[in-house]
Amino acid sequence: MARHLITSALPYINGIKHLGNMVGSMLPADVYSRYLRQRGHDVLYICATDEHGTPAELAAKERGLPVDEFCAQAHDAQKAVYDGFALAFDYFGRSSSSQNVEITQHFARRLNENGFIEERAIRQVYSPTDGRFLPDRYVDGTCPHCGYDKARGDQCENCTRVLDPTDLINPRSAISGSTDLEVRETKHLFLLQSKLQHEVEEWVSRHEADWPQLASSIARKWLTEGLHDRAITRDLDWGVPVPRDTWPELAAEGKVFYVWFDAPIEYIGATKEWSDLDPENRDWKSWWYDVDTDVRYTEFMAKDNVPFHTVMFPATELGVREPWKKVDFVKAFNWLTYYGGKFSTSQKRGVFTDHALDILPADYWRYFLIANAPESDDSSFTWEHFTATVNKDLADTLGNFVNRVLSFSKKRFGEDVPAGGEPGEAETKLGEQIAELLAEYESQLEALQFRKAAAALRALWSAGNSYLEEKAPWLEIKTDKDGAALTLRTAMNLIHLYAVVSEPFIPTTSATMRQAFALSDDTATWITPDEARSLTGVPAGTPFTVPPVLFAKLTDEDLETYKERFGGEPA
């Protein structure tokens, strides 16, 4: 089986993430990782908190904590939420790790040796009020391209254009709010991306046909506009230090690397963190160094991260002139909005992941988000849509099927799977239908088409309900007890199949369904379409229990409560 390296965009350390962050990177990566593991592939799913940069310093200052202590606490808080969502990372690291410092500094030295880093004197914003140079994110103002009045000094989150602080109209200090700003000269390191443009273009050309149109179009847009040399150091107290052995003057000034230089390298750094926990059995370089034909590397991210992963990080890897693994497939997502508007912490609008787990178990959210993933366009979260999806798909289609079958069988045949007669035409027809739907489900997961995969999974669940309605064992038992027993046994085999193949989407519920059957040797990691066709995985005589209600239906009162708590339609 193939080896699959999977990474999702690093969640920034500053605050708990909202549902849009979850569905735009980590959750689909988890679904895909789980599926591949079930199919027998060797999978390494790596993620980490992105801990450097100005927002971390500002947040720590606001909390009255040293920045390293703030980041440690925030990392643990985020990890607890991701555990609650059952994200099965192989390792969840930290970009402030010593491993990332070591590898980032190695990359910088090699780029310098190869002529792709240059020290330049630049004019930078200085705040007399704050007594310091202001890095890009310490400067706010109006975007010169779209007029958005809350643009940051590195990028406008409204139009996604990359900026320099000096580009902003009416700039102000993000620390003090002062508009008394000056421009003074200082020195920084620049990554000479312009010298790597041709190589990046050739590399993108070899891969973009396989990527989603969203990813390839963003990469191509950046390349068409031309790659510009980019400052990769900042005046901050927190970050990967510029190595003193290579740039002693800048190191003495306390320069650190730009967060977007070291953050992608943390994918490698986190893998080394994972390896260092068990060095005798784990080899981080076997996943990252000189492995182009052995490992398939898939990245998951929202569209604002695409330029850095399809252009800037590949340029860095190419310039190092070492055989580091580069991404094979970039799965990019659009935005998940809240009633068509942005999630907002300050305005208390939208659902954040910790609050989501406060009100409902993770599987409700996992299924809804993947079934409505913003793949081809932005998608909107509304409580009405969420409630309808939970009630129709999870409570009625899946949950009610499981409860009806097991409760009725226990009542009429006891606590063992009934035997009944031999499968007939209805069971043969069902087996063919299940095999076809399962093949479609597999195909869409292989293609990383998550909404289509969810539709195929929903169709699998619906097929069981259609079979049950057609056979109507509650009527069948009055005239043909063996026929009713066969129907229920077949339906129980469907429940077990659902338990196995639904695991990438709803792992906790899948485990509950699977544990309902006391199978002596239930080692199946997957059920193939050919295996599913016979529907005989749970033999007659197997003891079973009726689990608690899998999914509670949400009421109109629930809907109103959620809207009142989290805010409704944006103004």
Stepwise, does the side-chain contact (heavy atoms from CB on, under 4.5 Å) test hold for H496 with M513?
CA-CA 7 Å; H496 183 261; M513 289 191 287; over 6 Å; no
Describe, in one word, how the ring planes of H309 and Y267 are oriented to each other, choosing from parallel (under 30°), tilted (30 to 60°) and perpendicular (over 60°).
tilted
A side-chain contact here means heavy atoms from C-beta on lying under 4.5 Å apart; do [X] and [Y] qualify?
X    : Y    : value
D393 : L398 : no
F85  : M26  : no
T49  : F92  : yes
I218 : K303 : yes
Q73  : L65  : yes
R39  : E442 : yes
E422 : L486 : no
M301 : F333 : no

Under 4.0 Å between a side-chain nitrogen and a carboxylate oxygen: does that hold for [X] and [Y]?
X    : Y    : result
R366 : D30  : yes
K563 : D558 : no
D76  : K79  : no

Pair [X] and [Y], ring centroids less than 6.0 Å apart:
X    : Y    : value
F381 : F386 : yes
F401 : W461 : no
F329 : H207 : no
H385 : F368 : yes

Any idea which heavy atoms bring G464 and L494 closest together, and the distance?
CA-CD1, 3.6 Å
What heavy-atom pair brings L406 and T545 nearest, and what distance separates the two atoms?
CD1-O, 3.8 Å
Pick one: which of L559, V390, T389 meets side-chain contact (heavy atoms from CB on, under 4.5 Å) with L554?
V390
Quiz question: by atom type and distance under 3.5 Å, do the side chains of [X] and [Y] form a donor-acceptor pair?
X    : Y    : answer
Y367 : R458 : yes
Y467 : E427 : yes
Y297 : E299 : yes
N281 : D278 : yes
N391 : D396 : no

[atom1] of [X] to [atom2] of [Y]: how many Å apart, nearest 0.5 Å?
X    : Y    : atom1 : atom2 : value
L519 : F544 : CG    : CZ    : 12.5 Å
Q444 : Q449 : CD    : CD    : 6.0 Å
F343 : T337 : CZ    : OG1   : 7.0 Å
D556 : T387 : CG    : OG1   : 8.5 Å
W526 : L36  : CH2   : CG    : 10.0 Å
N372 : T382 : CG    : OG1   : 9.0 Å

Atom CD of residue position E440 - does it have more than 12 heavy atoms of other residues, nucleotides or ligands inside 6.0 Å?
yes
Within the supplied structure, the quantity of interest is the number of heavy atoms (other residues, nucleotides, ligands) at a distance under 6.0 Å from E415 CD; does it exceed 12?
no
side-chain contact (heavy atoms from CB on, under 4.5 Å) between W288 and K326, intermediate numbers included:
CA-CA 8 Å; W288 281 104; K326 300 169 192 67; over 6 Å; no
With no hydrogens and no angle check, is any side-chain donor or acceptor of [X] less than 3.5 Å from a backbone partner on [Y]?
X    : Y    : value
S97  : G93  : no
R296 : H4   : no
Y339 : W383 : yes
T310 : V306 : yes
S380 : G340 : yes
K17  : G15  : yes
Y32  : T298 : no
S534 : E531 : yes
S8   : S25  : no
T542 : V538 : no

Stacked cation flag K411 on F408, 6.0 angstrom / 45 deg
no
Run the numbers on L369 and F450 for side-chain contact (heavy atoms from CB on, under 4.5 Å), then give the verdict.
CA-CA 10 Å; L369 291 170; F450 292 99; over 6 Å; no
Take D363 and T509 through the side-chain hydrogen bond (donor to acceptor under 3.5 Å, both in side chains) test and state the conclusion after the steps.
CA-CA 7 Å; D363 282 356; T509 305; 2.7 Å; yes
With sequence neighbours excluded, give me every salt bridge (charged side-chain N to carboxylate O under 4.0 Å, His left out) pair touching residues 84-101.
R37-D90, E51-R94
With salt bridge (charged side-chain N to carboxylate O under 4.0 Å, His left out) as the rule and sequence neighbours excluded, what pairs involving residues 327-341 come up?
K325-D328, K331-E375
Determine whether E469 and R404 satisfy the following criterion, salt bridge (charged side-chain N to carboxylate O under 4.0 Å, His left out), listing intermediate values before the conclusion.
CA-CA 11 Å; E469 292 299 319; R404 288 168 73 193; 2.8 Å; yes
Report the C-alpha separation of E266 and L10 in whole Å, then their side-chain angles, then the decisive distance to 0.1 Å, and conclude whether the side-chain contact (heavy atoms from CB on, under 4.5 Å) test is met.
CA-CA 9 Å; E266 167 58 8; L10 309 187; 3.8 Å; yes
Who pairs with R412 by salt bridge (charged side-chain N to carboxylate O under 4.0 Å, His left out), at least two apart in sequence or on another chain?
none
